[in-house]
Amino acid sequence: GGVTAMTTPVRTISAASGRQELAAVTWNSAQNEFFVVYESNERAGGDDDVLGQRLAADGTSIGGAIQISTQAGDEQEPDCAYSSVCDAYLVTWGWKSSGGDWDVMGREVRADGSLPIAAFQVSQSPVATSNEFFPALAFNFLDGVFGCVWSDGRSGDFDIWGQRIDMICAPMIQPEPPNNPIRMGGARSVLGHSGEFVWIEDVVSIAGIGIPFLFLATYRSSNNNDGP
C-alpha cells in the first residue's frame, strides 16, 4: 500500500510565452495516455484562452498544443474528464465575453486531439448580470454521462449548480449533430448557503451504489463551511 514517487523526470508541458497556469489532467484508459488542459495568454491580445495537450504514458508530449477555445474575452479555470464510452474528452471553462458576465462553456475533444464541434454553452444564467464560473467535471461510466458543477450567482449569493451532459458517440436521427454533447434537463441548484461565496474544488463520480446519477462535489465557502 501507500504512494510511491515516480523516478521519471519532471517534464515541461508548455513553455510558451506568456502565462500558462491552472492546469487539469485526466487519463485515457483506451489510448494509455493523459490529456492536460490549461489556461494560457500566449496569444497576441492578452486574453486568456483554453489549450490542451496530449501526453504519452511516460509524460512525453504527443503532437502540439490544441487550441480548444480562443474566443474574444477571457476563458479561465478549465477542467476535463474522459468518456470511456466515446473515447473522447469533455472540457469546460468559465468564459467572460468582452464587457459581459461569466458563463460556463464546454467543448468535445476527440482522443486524437481533433475538435468535431464548436464550443457550446453549459450554463447561462437568466439573470443578465450574474456570473457562473469555476466549473468542475466528472464522468459516470455506468450511465455514460458527464456531471458538471460550478459556482453560480443567479440567486444573489453564490451557490453550487449542476448540469448533466450527454456525449453522443454515433450518428443518430435527432436535431443534435453526431458527437454533440447535450445538456440533460435544466441546470439545478446543488447547494447554497445564504450570504456567502461558494466555489468548487473538485467533483468525482460515485458508481455502483444503485442511484442512476450521482456525483460528489467538494467545495469551499466564505463562511468556512467546507464540505462535500
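FYI, side chains are in, hydrogens and waters are out, and symmetry mates aren't considered; it's all heavy atoms of this structure. By convention here, the first residue in the shown sequence is residue 1.
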Walk me through it: do Leu55 and Ser61 pass the test side chain to side chain contact (heavy atoms under 4.5 Å, CB included)?
-> CA-CA 5 Å; Leu55 302 175; Ser61 296; 3.8 Å; yes

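- Leu115 contributes atom CG, which lies 7.0 Å from atom CD1 of Ile68 (distance to the nearest 0.5 angstrom).
- Of the N and O atoms on the side chains of Gln67 and Asp49, not one donor lies less than 3.5 Å from an acceptor on the other residue.
- Residues Leu51 and Ala65 share a closest heavy-atom pair of CD2-CB, 4.1 Å.
- We find the CG-CZ distance between Asp112 and Arg54 to be 6.5 Å, quoted to the nearest 0.5 Å.
- Summarising the geometry of Val122 relative to Met105, their closest heavy-atom pair is CG2-C, 3.8 Å, with the distance given to 0.1 Å.
- Of the possible polar contacts, one joining the Asp47 side chain to the Gly73 backbone as a donor-acceptor pair under 3.5 Å is found.
- Expressed to the nearest 0.5 Å, how far CD of Glu132 lies from OG of Ser123 amounts to 4.5 Å.
- Salt bridge present: Asp48 and Arg19 bring a charged side-chain N and a carboxylate O closer than 4.0 Å.
- Under a 3.5 Å cut-off, the side chain of Asp74 and the backbone N or O of Lys96 do not form any donor-acceptor pair.
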What's the verdict on side chain to side chain contact (heavy atoms under 4.5 Å, CB included) for Thr26 and Phe139, showing C-alpha distance, side-chain angles and the deciding distance?
-> CA-CA 11 Å; Thr26 190; Phe139 181 71; over 6 Å; no

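- Put simply, CD on Glu108 and CE on Met167 are 4.0 Å apart, with the number rounded to the nearest 0.5 Å.
- Here the CG atom belonging to Asn41 is positioned 7.0 Å from the CD atom belonging to Gln20, to the nearest 0.5 angstrom.
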Kindly indicate, with the supporting measurements, whether the criterion side chain to side chain contact (heavy atoms under 4.5 Å, CB included) is fulfilled by Glu39 and Trp93.
-> CA-CA 9 Å; Glu39 178 184 316; Trp93 63 90; over 6 Å; no

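- When the side chain to side chain contact (heavy atoms under 4.5 Å, CB included) test is applied to Glu77, the partners found at least two apart in sequence or on another chain are Leu22, Phe134.
- Counting only distance, with no hydrogens or angles, the side chain of Trp95 and the backbone of Ala72 share a donor-acceptor pair below 3.5 Å.
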Intermediate values then yes/no, side chain to side chain contact (heavy atoms under 4.5 Å, CB included), Phe133 and Gln76 | CA-CA 8 Å; Phe133 38 38; Gln76 299 179 347; over 6 Å; no

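- The nearest pair of heavy atoms linking Pro78 to Val37 is CB-CG2, 4.0 Å.
- Pairs passing the ring pair (Phe, Tyr, Trp, His ring centres under 6.0 Å) check and including a residue from residues 55-88, sequence neighbours excluded, read Tyr82-Tyr89.
- Annotation: the span from Ile66 atom CD1 to Arg107 atom CZ amounts to 10.5 Å, rounded to 0.5 Å.
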